[in-house]
Each structure stands twice: as C-alpha cells, then as structure tokens.
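Here the structure comes first, spelled out in structure tokens, and everything after it is commentary.
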Amino acid sequence: MKPVLALVLTLLLAPALSESLAARRQTRIEGRGPKLIVLISIDQMRGDYIDRYRHQWTKGLKRLIAEGAWFRQADYPYYNTVTCAGHASISTGTVPAVHGMVLNQWWERDNSRQVSCTDDDQQKLITYGIPVRGVGHSARNLMTNTLADEMRLQGWPAPRVVSISLKARSAITLAGHKPDAVIWLDEADGEWVTSTAFNNAPNSFFADYIVRHPLRGEMGRRWERSLPLDQYVYDYTTEDRRRIALVTKEFPHTVKGTGAEIGGAFTDAWESSPFSDAYLAALANEALDAMKLGRGPATDFLAIGFSSLDKVGHDFGPDSHETQDVLVHLDRQLGVLLDKLDRDVGKGNYVVGLSSDHGVAPVPERVKARGFDAGRVSTAAIGRAIDEVLARELAGGPYRTRVIYTEIYFNDG
C-alpha cells in the first residue's frame, strides 16, 4: 500500500500579505516583527479535505483560506508519515533522517523493550491530578533544533514558549527542548501531565483550569451533528467500523463513562470526539491570558496539536460524517482563537501557521467493495512467515525480535 500524501497545507495569516518581500524585511530590521507565532497542527488532516469540506466552514478555517497563503503543492519526502515524525518535521524543517524521530515507537535492543519517541527514563512525569504510572518524557531523541529553540537561541529578550496537545509526541516535538510550559494527556490514567525535563512543578494556570473543568465532567456528553444532514458529503454508513471508542456507532455519539474513574475507555472515547479539541483550545486561551503571550518585548511562541481528527479518522474513516463534523467544530474553535488574538495581541501583530503531520488511507474494506485491490496487512502474520523461513534455512534461533509498524527487528548477530 502506498504511503498517504503527508503535508496537507500550510496557511499563514500574515500582517499584510500585500507587502513586498523587501518591505517585510525592512519591517523586521526596524523591530516591527510579529509579537506572537502560533503554530497549529491538525493531526491526520489530508490535503484534499480542504476542497472536499470547505463549504462546511464559516469561521477560522475559512478565514485562513480567505486571508492567508495556501500552499497546495507541499508533501513529506519520506515514507513513514506518522505523528512523531510529522510533528518533528513541521517544527524543525528537516526530515526524520536528520531530526531522528523516525517513528512513534521503536524497539530498543539494548533493553529488549519497545519505547516511544519521547520516552526518557531519566525524567519523571509531573501530574495535574492523581499520580500516574508512565515513564518521563523529553525531547532527548530530537537531534535538531525546532523553530522555538532557534527563537530562544537567537532572540533577545528570550521568547516564552508554550505547547499543548493530547499526545506527548505532538506537544514535545512541536515545542522542542526548552519550552516554558508543555502539557499533554496521559492516556493510561487520564490525567494531564508534563515532565521534569521541562518544569519542576505543574503550571499554575493549567492547574487552575483543570481543577475548574475536571475531565469527569465530560463523561456522558452527547455529540450531535453540527449541520443539517444534507450539508455532509457522502452517504452515512456504519459498516466496516472495526473498533469504535464511543458508546454508539452512529449519531448521536455518547462519550463513555458514568462515574469518577478517569482513563482507559473514557479517555479513548473522549479523544474520539470534538470535545477534546475544545479542551485543548481552552488550555491555549489560559496560557495566552496567564502568560500574556504576544504582549511582551519578545516574539512569543504558542503551539497547539489538535488530536481529535486522528482518532476519529481511524475509528470512522476519512469520508465519514464524523470526520467532517470534527472539522466543523474545529473551524469554530479556530475562529474564536483568531478573534481572541485580534483583540488581545492585535491584528498585524501575530502570525499563524497551520499544517498536518500526515494523512490517512481510506477504509480498506470500503475500497475493496468498490472492486479495487485492497486489504489489511497483519504484522503478526509477517513475523510468523519470517520465522518459518529462518527456521527452515538456519539452525538455532530465535532470530526475530519484533515487527513494529514497517520495521523488522532482529537479535544481535
């Protein structure tokens, strides 16, 4: 199966798009550059979604298309277009062979274990709620600087850097090595966390918001369609859905959970709804207000990795009404964010860049039903086939350790 087109779009809301390049350079020399850079990633947003679904947008996404620069011929020149690799490429401007974030997880042969791209045993998680069990995280494996890192190295006074996402591999790679505040959701325990690599204690403004808006309050929320049925593209179907995190297979969807316990099934379901993106946008608003981003002497940096579309795309497919509806919700959230930036930072004082880490393939069963050669690849079956060949051709063993995504790992020697 061919890899999916990766970099979906880059939209820049510049201070004055009609200015000549020379005028912009002179503006920067005179010290009138942007007061705030906002880098936004929409996880799994395909490039063709814009032409397919833009008629459903009325707020932020529409404004970026209408007022910004839309780069239509952008793509990732590498094979493994996954979350960690994509976010690191967005923030560094390099490819996995350079920045080192080649996959979401890989096999660590020395310790005989699978690790994530941001795992760091030398660090500890800092929780915003109950204690969590996971290992610490950092940008230790990121071998190059991000845009925010370079801003910190070259700028004086130093910028304030904030990054927010549901995923550690998104929030950390967008920010880089030394953000002032970075937060993500620990999926196993359903708690917001950061790491000792970045802070010694929770950030007070994030902590205050989380106390006022606990995730248990999201349990049982109903996700209804945002638009009339005839405004959605494609017929609605519940077929070929292999795994659905939400309670119901069709609209209205209900987020799992009825008690005080957070994590597990609830976290999985909540991430597969537009409510998780709304929470991330609210955390961004808290950071903008508490740190007064864009209102100091430096050019500050805010990164937001919106993750809901990735979960919904995997659960429901790229042509589903759920995928379209998540983008409708996000369009409205981005509209609120841009309006806030206009008020608080001022039009012409900030730059917004929006992109995506990767796309998504169609649901294989639906493609096969249309007569195309399609199906699913089982890495377990690949592993067994390799073992059979090695056992037949070589003595001793075992030789193979793991098959993880596209990679086959063998024992030493």
Side-chain angles (χ1 to χ4, degrees), residues 1-4 6 43-44 76-89 92 94-125 132-144 166-173 184-189 193 195 197 242-243 263-264 267-268 307 310-311 314 357-361 364 374-413:
M1 299 192 305
K2 293 182 180 180
V4 180
D43 200 318
Q44 203 192 97
Y76 286 128
Y78 57 86
Y79 178 65
N80 288 320
T81 50
V82 294
T83 298
C84 191
H87 284 89
S89 297
T92 66
T94 62
V95 294
V98 177
H99 61 61
M101 297 302 216
V102 295
L103 282 173
N104 292 337
Q105 298 93 22
W106 52 75
W107 186 253
E108 195 173 75
R109 182 180 290 164
D110 292 344
N111 297 312
S112 297
R113 63 177 181 174
Q114 183 173 322
V115 298
S116 82
C117 62
T118 56
D119 280 358
D120 189 344
D121 287 339
Q122 298 179 12
Q123 306 296 334
K124 297 182 182 299
L125 291 179
V132 293
R133 297 162 286 179
V135 301
H137 289 263
S138 76
R140 178 182 64 175
N141 292 320
L142 187 63
M143 297 166 59
T144 52
L166 292 183
K167 303 176 182 179
R169 58 183 177 267
S170 303
I172 292 172
T173 52
W184 64 90
L185 187 67
D186 181 81
E187 295 182 351
D189 294 298
V193 296
S195 172
R242 305 183 79 214
R243 177 180 176 274
T267 303
D268 197 29
S307 307
D310 186 59
K311 285 288 280 102
H314 285 307
D357 52 347
H358 59 79
V360 63
R376 296 181 184 268
V377 176
S378 167
T379 55
I382 291 173
R384 289 192 296 270
I386 292 171
D387 290 342
E388 290 175 4
V389 172
L390 294 178
R392 185 169 62 246
E393 300 293 334
L394 301 171
Y399 298 99
R400 180 184 61 86
T401 301
R402 289 290 188 280
V403 178
I404 302 174
Y405 192 58
T406 58
E407 310 307 311
I408 301 164
Y409 294 86
F410 295 93
N411 292 323
D412 282 327

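Only this structure's heavy atoms are used, side chains among them; waters, hydrogens and symmetry mates stay out.
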* **For Arg384, side-chain hydrogen bond (donor to acceptor under 3.5 Å, both in side chains) partners two or more places apart** => none
* To do: Taking all heavy atoms of Met143 and all of Gly100, pick out the closest pair and write down the distance.
  => SD-CA, 3.7 Å
* **Those residues that, when tested against Asp121, pass side-chain contact (heavy atoms from CB on, under 4.5 Å) (two or more places apart)** => Arg113, Val135
* **Distance-only side-chain donor-acceptor flag, His137 / Thr118, under 3.5 Å** => yes
* Thr83 and Asp310: side chain donor to acceptor below 3.5 Å -> no
* Structure fact -> On a heavy-atom basis, the closest approach of His99 and Ser89 is NE2-OG, 3.0 Å
* For the residue pair Pro364 and Arg376, what are the closest heavy atoms and their distance? -> CD-NH2, 3.6 Å
* **Residues which pass salt bridge (Lys or Arg N to Asp or Glu O under 4.0 Å) with Arg140, listed by chain and number, not counting sequence neighbours** => Asp120
* Structure fact -> side-chain contact (heavy atoms from CB on, under 4.5 Å) filter on Ala374, not counting sequence neighbours, yields Val367, Lys368
* Closest approach of Ala197 to Gln123 (non-hydrogen atoms, all atoms of both residues) -> N-OE1, 3.1 Å
* To do: Could you pull out all residues at least two apart from Asp119 that satisfy side-chain hydrogen bond (donor to acceptor under 3.5 Å, both in side chains)?
  => Ser116
* Taking side-chain contact (heavy atoms from CB on, under 4.5 Å) as the test, write out the residues that go with Val102, two or more places apart. => Pro96, Trp106
* Using 4.0 Å as the upper bound for N to carboxylate O, is an ion pair formed by Asp268 and Lys311? -> yes
* Please test Glu187 against Leu166 for side chain to side chain contact (heavy atoms under 4.5 Å, CB included), starting from the C-alpha separation and ending with a verdict. => CA-CA 8 Å; Glu187 295 182 351; Leu166 292 183; over 6 Å; no
* To do: Sequence neighbours left out, what passes side-chain hydrogen bond (donor to acceptor under 3.5 Å, both in side chains) with Ser378? Give chain and number order.
  => none
* **Tyr76 side, atom OH; His358 side, atom NE2 - distance, nearest 0.5 Å** => 9.0 Å
* Counterpart residues, side-chain contact (heavy atoms from CB on, under 4.5 Å), relative to Leu390 (two or more places apart) -> Ile386, Leu394, Tyr399, Phe410
* By side-chain hydrogen bond (donor to acceptor under 3.5 Å, both in side chains) - contacts of Gln114 (at least two apart) -> none
